Number of protein chains: 2
Amino acid sequence: MNTRFSVATHILVILHCQDGKPVSSDVIAQSVNTHPALIRRILTQLSRAGLTQSQLGAGGGALLARPGSTITLRDVYDAVDEDGDLLGVHPGPNPDCPVGRNIQQTLRGEISEAVNALRIQLSQKTIAALAGDILALS
Amino acid sequence: MNTRFSVATHILVILHCQDGKPVSSDVIAQSVNTHPALIRRILTQLSRAGLTQSQLGAGGGALLARPGSTITLRDVYDAVDEDGDLLGVHPGPNPDCPVGRNIQQTLRGEISEAVNALRIQLSQKTIAALAGDILALS
DNA sequence: ATAAATGTAACAAAAATAGTAACAATAAGA
DNA sequence: TCTTATTGTTACTATTTTTGTTACATTTAT
């Protein structure tokens, strides 16, 4: 089970709650319950997508690159699931069969539209709003 | 990469094109370019979902349990991705952290809504229509 | 200087997925 | 009735993906 989206969202919510103050991968890892290196790996993806930035050296850590109210779950999805292969198409169908010859291309189109519908739904929720929902449960 | 949805769709398109005539897992496997046992495994899921039925014995095989015009890609998705864990939630976040304590529940809700948007999009396409699209490319 | 971080690479472990073989049960047809 | 073709299912192996773990050069605050 791929949980990068979930962990990435967790990271961003933490950073939002500590807005401004850098948070180390070690502290984040304790909340997520995993290892700092995994957190740093995902932070690399988030940073590449322009969602976070990091400060090197003692007292350093990660922080949001822009307000949590401007980051949606769709941004998170796009940052970590770069390939967009939620639903994969099987490789190598028989080209001598009229179905096998063209099903990949056709299915890719349908899957692409479906995943886009998922992304649009994800874009309805910001990190700030999600953080509010989460903290309201405590 | 999980390709069960893709293979299941392939199977149903084949059955639609041979409507009425049972097709053996061997013949289907040749078009998909995989092994009959995998086809039979997926056919078991499709059969449980009421989309196909099989005839035992010589000359047997699988056929659609209802017209391809009444089966949508959402039916296929629901049949094969029974767990609905397209986007998994990471296990075991720290319950002593306000975020870790409640993020799973909140994220599951968001993911569920997003996957539902994907399912609604998939429900717009029937096997019959997809078969038409595919054969139009030949 | 020292200590605390990141970023990244390398590798091990675990989990998920697909490939393969085998066989009892079933049904059609000679 | 015998033979043959086929399913449904199990067990096992191989491959791929994902996560866990360690290590270390580099950077920066104190």
Side-chain angles (χ1 to χ4, degrees), chain A residues 1-8 10-11 14-15 18 21-30 32-49 51-63 65 80-93, chain B residues 1-8 10-11 14-15 18 21-30 32-49 51-65 79-93:
Chain A
M1 187 175 41
N2 187 331
T3 60
R4 273 175 301 172
F5 170 75
S6 176
V7 172
H10 191 147
I11 293 173
I14 298 249
L15 297 187
Q18 306 284 332
K21 232 192 307 180
V23 187
S24 76
S25 61
D26 211 42
V27 168
I28 299 172
Q30 280 176 24
V32 174
N33 192 24
T34 182
H35 300 267
L38 174 61
I39 298 297
R40 294 201 291 270
R41 249 184 274 176
I42 294 177
L43 275 171
T44 299
Q45 294 185 287
L46 295 176
S47 163
R48 265 204 291 266
L51 306 184
T52 65
Q53 57 189 85
S54 292
Q55 289 180 2
L56 285 179
L63 27 76
V80 298
D81 274 284
E82 291 146 331
D83 309 344
D85 57 353
L86 266 194
L87 289 173
V89 174
H90 59 291
Chain B
M1 185 175 42
N2 186 332
T3 60
R4 274 175 302 173
F5 169 75
S6 176
V7 172
H10 191 147
I11 293 173
I14 298 251
L15 297 187
Q18 307 284 332
K21 232 191 308 181
V23 186
S24 75
S25 60
D26 211 42
V27 167
I28 299 173
Q30 280 177 24
V32 174
N33 192 22
T34 182
H35 300 267
L38 174 61
I39 299 296
R40 293 201 291 268
R41 250 183 276 178
I42 293 177
L43 275 171
T44 299
Q45 295 184 287
L46 295 175
S47 163
R48 265 204 289 268
L51 306 184
T52 65
Q53 56 189 85
S54 291
Q55 289 181 3
L56 286 179
L63 28 75
L64 293 185
V80 298
D81 275 284
E82 291 145 332
D83 310 343
D85 57 353
L86 263 194
L87 289 173
V89 174
H90 59 291

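Lettering of chains follows the sequences in order, A, B, ..., and the numbering in each one begins at 1. All heavy atoms count here, side chains included; hydrogens, waters and symmetry mates do not. The model shown is predicted, which means the values in this text are computed figures rather than measured ones.
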> Looking at V80(A) and R4(A), what are the two nearest heavy atoms and their distance?
O-NH1, 3.7 Å

> Between the protein and nucleotides 14-17 of chain C, list every N/O to N/O distance that falls short of 3.5 Å.
| from | atom 1 | to | atom 2 | distance (Å) |
| --- | --- | --- | --- | --- |
| dT17(C) | OP1 | N2(B) | ND2 | 3.3 |
| dT17(C) | O3' | M1(B) | O | 3.4 |

> Counting only heavy atoms and a strict 4.0 angstrom limit, can you tell me which residues of residues 37-45 of chain B come near DNA chain C?
A37(B), L38(B), R40(B), R41(B)

> Could you go through nucleotides 27-30 of chain C and list every protein N or O atom that sits under 3.5 Å from one of its N or O atoms, giving the distance for each pair?
| from | atom 1 | to | atom 2 | distance (Å) |
| --- | --- | --- | --- | --- |
| dA28(C) | O4' | A58(B) | O | 3.4 |

> Between R48(A) and G60(A), who's closer to the 5' end of DNA chain C by nearest nucleotide?
G60(A)

> Could you tell me which residues satisfy side chain to side chain donor-acceptor pair (under 3.5 Å) with T52(A), sequence neighbours excluded, listed by chain and number?
none

> Using a cut-off of less than 4.0 Å, is there contact between a side-chain N or O of T34(B) and OP1 or OP2 of dG19(C)?
yes

> Distance check needed: dA5(D) C1' versus K21(B) NZ, whole Å only.
17 Å

> Is the side chain of T3(B) donor-acceptor paired with the backbone N or O of S6(B) at a distance under 3.5 Å, no angle test?
no

> What distance do L63(B) atom CG and K21(B) atom NZ have between them, rounded to the nearest 0.5 Å?
12.0 Å

> Of all residues at least two apart in sequence or in a different chain, which pass the side chain to side chain donor-acceptor pair (under 3.5 Å) check with D81(B)?
none

> Just how far, in rounded Å, is P of dT27(D) from CD of Q53(A)?
18 Å

> If you look at every heavy atom in P93(A) and N33(B), which pair is closest and at what distance?
CA-CB, 4.1 Å

> Quick one: is dT7(D) close enough that its OP1 or OP2 comes under 4.0 Å of any side-chain N or O from S25(B)?
yes

> To the nearest angstrom, how far is D26(A) atom CG from dG7(C) atom C1'?
15 Å

> For residues 37-46 of chain B, which side-chain N or O atoms pair as donor and acceptor with protein atoms under 3.5 Å away, sequence neighbours left out?
| from | atom 1 | to | atom 2 | distance (Å) |
| --- | --- | --- | --- | --- |
| R40(B) | NH1 | S25(B) | OG | 3.1 |
| T44(B) | OG1 | R40(B) | O | 2.9 |
| Q45(B) | NE2 | E82(B) | OE1 | 3.2 |

> Heavy atoms, side chains only, cut-off 4.5 Å: are I28(B) and L15(B) in contact?
yes

> Taking all non-hydrogen atoms of both residues into account, name the closest pair between G60(B) and P22(B) and its distance.
C-CB, 3.9 Å

> Which atom names give the shortest non-hydrogen contact between P36(A) and D26(A), and what distance separates them?
CG-OD1, 3.2 Å

> Heavy atoms only: give me the nearest M1(A)-V89(B) pair and the separation to one decimal.
CE-O, 4.2 Å

